[in-house]
Structure formats: C-alpha cells, structure tokens
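Before any comments, here is the structure.
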Amino acid sequence: MSTVVTDILQGLNPPQREAVETLDGPLLILAGAGSGKTRVVTRRIANLINHGVRPWEILAITFTNKAAGEMRQRVETLVGQSGVWLSTFHSFCARILRREAPVLGFSQTFTIYDEDDAQKVIKTVIEKLGIDDKRMSPGALRTLISGFKSKALAPEDLEIGTFHERIAQQVYQEYQAALTRNQALDFDDLLLKALVLFRDHTEVRERYRQRFRHVLVDEYQDTNGCQYQLVKLLGEGHRNVCVTGDPDQSIYSWRGADVRNILSFERDFPDTKVVRLEQNYRSTQNVLALASAVIKHNKERKAKELWTENPAGEPPALRIVGDQDLEAYEVVSEIERLIGTGRRYSDIAVFYRTNAQSRPFEQSLIRSAIPYQLIGGTPFYERREVKDALAYLRLLVNPKDDVSFARIVNVPRRGIGESSTDLIARKATDMSCSMLETLDRTEWMEKELAQKARNSLYAFARMLDVLRQQPRYPVADLVKRMLNDSGLLDSLRESGEDERLKNIEQLINAAVTYDAENEPGKLMAQGPPPEPGAFDGLDEIVQMQASVSGFLENAALMTPQDARKNSEDVVTLMTLHMAKGLEFPFVFIAGVEEGLLPMVRVGSSVFGAEQSAQDEQVRASEEERRLFYVGATRAKERLFLLMVRRRLRFGKYEVSIPSRFLDEIPENLIEETDRAGAGWDSGNFQLGNRVRSSFGGNRGRIRPGAAFEELDEFDATSAPGKKGRGLAQYAASAQEHSNDEFSQLNDTAFEIGDRVKHASFGEGSVEAIQGLGLSAKVQVHFREHGPKWLMLSIAKLRKV
DNA sequence: AACTCTACGGTTTTT
DNA sequence: CCGTAGAGTT
C-alpha cells in the first residue's frame, strides 16, 4: 500500500501534493493554466480510492465526455480499476433523470431536444401566441429563456416590468408546456429538472448524497447557476466537495456561466481549504510572459502570477499578412517548416475566434496535402440526414415527440404536404394528444383527409408500429431496419447523394460501436456494484444505457470535442472556445484583430440591461481577453499570432485594425514580421493598382495572369525553395474574384481623382475605391447627382 | 404537392 | 459570400 501512495505523490510540488492529500472537506484548487491540474485531480481520485473510498462513491464532473474518458483511463492506470462516475453535468443529469423520471411525473423515454429542436418549438409557440417575430425573433427568445433556465428561474420567478419582458415570460411558459407535452427536455432542462428533483424530493436527494460521498467538479469557473446549486445540494451533507478552476479562463458567461461561483466557493463552504497551483509546467517563459502581459489588463481580476522553470524558448511571433488567404498560406508555410525540422502534425493547432474563419485554412492545408482535423463547425449529429434518421428513432421511443414527427412524416416524400401536417397538428391539439397519436383514430382521417394523404399516413403509422415491435437490442439492427423500412436509405441512394449516404453509414457504425461498448454483460464489469445492495439499485442507471434511448442520449450530448482523435498525426483546427483544456507544442492564433478578437458586440441585450450596458461591455471585453489568454496558454513551445490588413467579411473586404491585445504585449516579448507592407495598408485597392510588397520591397501591379510572373519573382527572393506560393496565391485569389469580368475590370482600373462617365448619372470624379474583383465598388461624385457608391461589375463606367 | 427563383440576413463562442 | 425562407410557378 505504501508504495502505491508514494507513487501517487511522486513528482508533485508542495501545493499539488497538498491538494492530492486533502481528502475530506471542501477543497478549492485554483489552478493556473498548465499547472498540472488534471494530474492533481486524477491522483487525488486515486488517493481517495487508496484510502478506502469506494470508486462508485466518487462523482467527478468534467467539461466534455472526452475529458471524462481520459480521466477515467488515467485513474485506472493509477489504481487498476475505476467505476468512478465520471461525466459532464449534462450526461450526469440525463442519467439521473432517466432513472428518476417517474418521481417528476414524466416518461423515462423522454427525448433530449437540441438547439435546433428547441428553436422549432419556440417558433410554434410564437405562432400560437401571435407574436410579431420581427420584434422578437425565435433565436433571441430562445437565448433569453435559456438564460432564465440556467439561473434556475421559473417563468413565475421573473420580474416583469416592460412589455417585452411580459412576452418573454409568456413564451417561456408556453414553451415549457410544449416541451412537457412532447415529453422532451432541452439542454437547460437536464440541469434544471435534476435540480428540482434534488431540491424537492428529500428521499431522492438523500439517496444520492449517500451514494456520492465525494464530489469533484472541474472547470468550476464555467458553471452556471443551476450547476452551482446542484453542487451545493449534493455536497451539503458530507461537504466533501472539491472544485478546480481558474477565473482567468472563464469564457462561457454568454451561456450563463458565472465566474462568481468559483470566487464565492469559500463563502458557500466555510472552512474550505484553498490550494493555489501557480507553477506552470506547460509553456516556455516567453509564451507565459506574453499571456501574462495581456491578462494583466483585466480589471476584474484577482492578481496571480504564474511562473515556470521551463526554458525561455523562442520568442512568440506576430505575422502581419495581406488577407485571410495569405494568413492561411503563412500558417501553412510555417507548418511545413516545422515539419521540416522533424515535428509532427499533431504538435500543431490553429485557433480562431469564429468557425467561419476555418475555410481558408482548410483550403490551404488541402492544397499542401497536410492532414488536418477540423473540430466543431456542423457536427456529424447535426447533419440533415442524420437528424432525420435520429428523428425516426426518437419517434419510436417517444410517440409524443411532435418535433420529430413533423420532421419525418414527409421524409422521404410521401405526398404529405404542409396542409396535411397543419391539419394533424390542429387535430392533436383538439384531441389533446400527440400528432402521431392522432393517426390511431381513423374517423377524422376518413372525413377530413384526401385519400392519397390518408393512405400514406396509414402506411407511415403501420411502418412505425412494425418497427416498434422489433427488439431494441442490438441498437444497430434496429437502426438498419429503420433505414430500410422508412425508405430513407432508398431515397438517398436514388438521389445519388453520396455524401449523405456516407453519413448514414457512419451512423450505423456509431450504433455498432455503441452496442459493443454497452453490451449488457460487459457493462456490468465496468462500473457497477461488487456488493449487491450497496447502491439501492443505482446500477440500473448504467444499464439503461444499453437501449435506443441511451444511443440517442449519446448522440444528443456528444460534443465536437468528443469526436476528436488524439491518436492521429494531424493538424488541429478549432475555435478558441474549444481549445480550453488542451495543449500543443505549436499554436497559431489567427485573426488577432479588433472586431474579431476581441469580437465586437453588435445588438444590445433585449431587456433589463439598460442601466448596466457599460458594465456589460466591460465584462464582455474582459471575457474576450480571457479567451485570448486561454488560446495563448495552450502553447508549449511557440506561439504564432496572425493579423491581416484586410479581411473578407460577408463577401466584402474590410480593413482590419490590430487587436488591442497586441498593444498590450511589450515589444520585447514578440517578434513582428510584416509580410504585407505599406502598399497593402490602405485596403483600398483594385486590380491594376500599383503596390509595393515587403518581399524585398519590390513593386508591382495587382493583375491576374500577367502579374503572376512578377509576383512569383518577389516571393522567390524572400522564400527560396517555396517558389511563388505567397503572392502567387494572392494573384490566384484575385483572379478568382475577377473571373471573366477581368478583361472589363482591367480596362477600367480606376484611381482616385479619375474623371468618369456613367450612362444615366453623367460625369463625375472618383472619390474612393473599395473592394476587389466582382465586389469592387467606387464612390463617384457626380456633378448633378452628388456622391454615389457604384459596383464596378454592374455600373458601366468609362474614363473620360 | 413539389420544384424553382429571389431576397435577405447572418458570424460569435456550445452543452 | 452563402444558405435558406418565402413566394411564385407547374
């Protein structure tokens, strides 16, 4: 035993050791970036087990399922077994609710609605209430309601002042009623209902308190009001609550997370032991210095200084380039250079603020045959055909699910159009049942439906009935059968949509994998009780997984992170938000520009925030700074920042301004390279303009075709061996933009001050030029009609 | 009922 | 720029 304990403490610094050895009572671990937090948490779990705590008495909450899986593995390596309940808040709550649903008066086969489904419900509610959806969009209302729910506010808890607030309350109320009718829970409900369960049902609460004698929560700085209350409820009896987090890495306030939860932990649990982990083991001194320099500018912050014994390392780099294509090119050349020095693709990650920025990187990587994985974007389970298939399964399990019914009743085409669907919806309301259930009563159908639609609906209902008779396990068999019987597979085959067909194949694979992982016998070996009776039958919760509901639950709660593959040697592309908790030797942060990083907030909050609009602004911009900080501190060896001079946004080039975060980095901490040069500075240029390149200070003209050679030459001088990639690519992109119109544009390359003539406006002079190629615009001041912006590709302007 | 065309608006970030 | 909601067409 003592050797095991020694192992567990081996290589830990004093505070880490203290955290691992503090087994009882409330514990707050303030863990700076890269301070070995995961190590501490896993060792602490192992230590608990070594001290006689039974694995199933430990509940550990992580941010993603993937993180949970990794932690489970590490614990198993340390103590040879697990059985620790490791999952996300959402998965945890979903499982508890599956088991305890009867207590709350809803079905165990409830459906989990994703954002898309929730939005659809909101839409029907808006329609029903006759609200003008121009004034309050479904999206805005959904966000608002989600905000209430994550603070555990019921509709009747809201303080109503304005008209808008009244509407929101009404929609919230109706929305919840609709979810209940559908036997559906949205993401927020998973937390909220679990909270209600524990709050209002003493017996249940006690049962789970006894079961989970130790509670650990990772990334506590990103918990919302509901999660916070859940932790409190579960932990209040034994007070064996350990939370870890870093206020500087709180980046989810926009979805209800409240950093105050971690700041006030000591107050909620008196006698908390606080451990600070401030030695960083991840990054070079240079990386750390840069990150610290920036985060220091946050006012709302507890002072903290991370330090490291790691080497100074190479200086972080700032690369300034012309536009987003060149930005991607710059990253790719650097990647090729790194690979040339023997580094692996998997050592490298590219982070950006918005998913929309990923495209140029993908294109560049593909062109250079560099393997990569894109995390996020439209995940697998949100593809249309996959959602259709899942909707069938959902309807099989839960006949009350009208959202799924409406989604698939006419997919594939069965000749059941909008009018029939509307009629069914009305009938469902009249008969107080679900849409699918209206099909059980044939009288109204005989009377009110055309024969064609009626027969289709009979066939549809019968098909579902047959499927419902099928064994629910293995899930894969049912999935296959469903794909056949529904006609989904045939219709995809016929239409030749290979991509979608592949996705469906992948769905079958997912079901096969699910079956393999949840095989009843194997399942018992994984977690459940060595001692019967120790759990009050809580093992059933785990068993419940081996079902269609379990499969659907996995699908619904799958995070993009979970799909990430560690094993493959590929470059990783993802948003800054998804980067939390990860590390890579080389990190690129793209688009370090005002308006992007930090992101500007456009719309004002819908209501309630008038008096605190400015506070809100400050809070938001500090969160952006934390986001930058999270990104920067992922880098182990070297950090690359990128900014462009002009960026294509909504199909228009916009001049970019350096991010304020760049101003906050002392000059000696960053090595700046300007590949764009003065000629690229204005952003107001046009095919044919004279430009100067920083590639050897050469001059040239932006001209597709002819310009290729000139540009290649420039590039060759600065990047031997990588002939012509940089500016040639620019030229290629310019050509793309100009396309066939080029010959016309080339003749009409205007400069400020040119006199021009327009067919209807007459003569005028060019005052400004913006954009490139087909999106190029000029502002012309006409003698008789004043100033006007004209699209060059449309307006036929002639020089005079 | 299903297909085609156009106008519009969208970009934060995600469980 | 791109996708899609809604209108208009067959």
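We name chains A, B, ... by the order of the sequence lines, and we start the count at 1 in each one.
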Atom pair distance, as rounded to whole Å: [atom1] in [X] and [atom2] in [N]:
| X | N | atom1 | atom2 | answer |
| --- | --- | --- | --- | --- |
| A:K580 | B:dT14 | NZ | P | 12 Å |
| A:L576 | B:dT11 | CG | P | 19 Å |
| A:N355 | C:dC2 | CG | P | 17 Å |
| A:Q119 | C:dA5 | CD | C1' | 14 Å |
| A:E593 | B:dT11 | CD | C1' | 14 Å |
| A:E622 | B:dT13 | CD | C1' | 18 Å |
| A:L190 | B:dT15 | CG | C1' | 9 Å |
| A:Q363 | C:dC2 | CD | P | 10 Å |

Closest nucleotide among [options] to the [X] side chain:
| X | options | answer |
| --- | --- | --- |
| A:F187 | B:dT11, B:dA1, B:dT15 | B:dT15 |
| A:A356 | B:dA2, B:dT15, B:dT11 | B:dT11 |
| A:S420 | B:dA1, B:dT15, B:dC3 | B:dA1 |
| A:R413 | B:dT11, B:dT15, B:dC3 | B:dC3 |
| A:R359 | B:dA2, B:dA1, C:dC2 | C:dC2 |
| A:T575 | B:dA1, B:dA2, B:dT14 | B:dT14 |
| A:T354 | B:dT15, B:dC3, B:dT13 | B:dT13 |

**Request:** Take A:M435 and A:V409 through the test side-chain contact (heavy atoms from CB on, under 4.5 Å) and record every step on the way to the result.
**Result:** CA-CA 10 Å; A:M435 290 172 79; A:V409 66; over 6 Å; no
Considering every strand and a 4.0 Å limit on heavy-atom distances, what is the contact class for [X]: base, sugar-phosphate, or nothing?
| X | result |
| --- | --- |
| A:E115 | base |
| A:D114 | nothing |
| A:T64 | nothing |
| A:R649 | nothing |

**Request:** State which residue, out of A:F661, A:Y352, A:F351, fulfils the ring-ring contact (aromatic ring centres under 6.0 Å, His included) condition with A:F628.
**Result:**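 So the option named by the test is A:F661.
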**Prompt:** To the nearest 0.5 Å, how far apart are OH in A:Y252 and CG in A:L627?
**Reply:**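 Answer for the OH-CG pair, A:Y252 versus A:L627, is 8.5 Å.
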**Request:** Any salt bridge (charged side-chain N to carboxylate O under 4.0 Å, His left out) involving residues 246-256 of chain A? Give me the pairs, sequence neighbours left out, ordered by first then second residue.
**Result:**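 Applying salt bridge (charged side-chain N to carboxylate O under 4.0 Å, His left out) to every pair that reaches into residues 246-256 of chain A, excluding sequence neighbours, yields A:D246-A:K304, A:D248-A:R301, A:D248-A:K304.
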**Request:** Decide yes or no on side-chain contact (heavy atoms from CB on, under 4.5 Å) for A:R383 and A:R500, but give the supporting numbers first.
**Result:** CA-CA 8 Å; A:R383 303 275 159 81; A:R500 297 187 192 281; 5.9 Å; no
**Request:** Examine B:dT15: is either OP1 or OP2 under 4.0 Å from a nitrogen or oxygen in the side chain of A:N224? Give yes or no.
**Result:**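 For A:N224, the contact criterion (side-chain N or O under 4.0 Å from OP1 or OP2 of B:dT15) is not met.
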**Message:** Rounding to an integer number of angstrom, what distance separates B:dT13 and C:dT4 when you compare their P atoms?
**Reply:**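 Straight-line distance between the two P atoms is 16 Å.
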**Asked** Between A:F650 and B:dT11, do the rings stack, that is, sit under 5.5 Å apart with planes less than 30° off each other?
**Response**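 Base of B:dT11: not stacked against A:F650.
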**Request:** Would you kindly compare A:I416 and A:E624 by the position of their nearest DNA chain B nucleotide and give the one closer to the 5′ end?
**Result:**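 The residue mapped nearer the 5' terminus is A:I416.
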**Prompt:** Taking the nucleotide of DNA chain B with the closest heavy atom to each, which residue, A:L596 or A:A453, is nearer the 5' end?
**Reply:**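 Here A:A453 is the residue nearer the 5' end.
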**Item:** A:Y175-A:F148 aromatic ring centre distance below 6.0 Å
**Value:**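 Not close enough - the centres of the two rings lie 6.0 Å or further apart.
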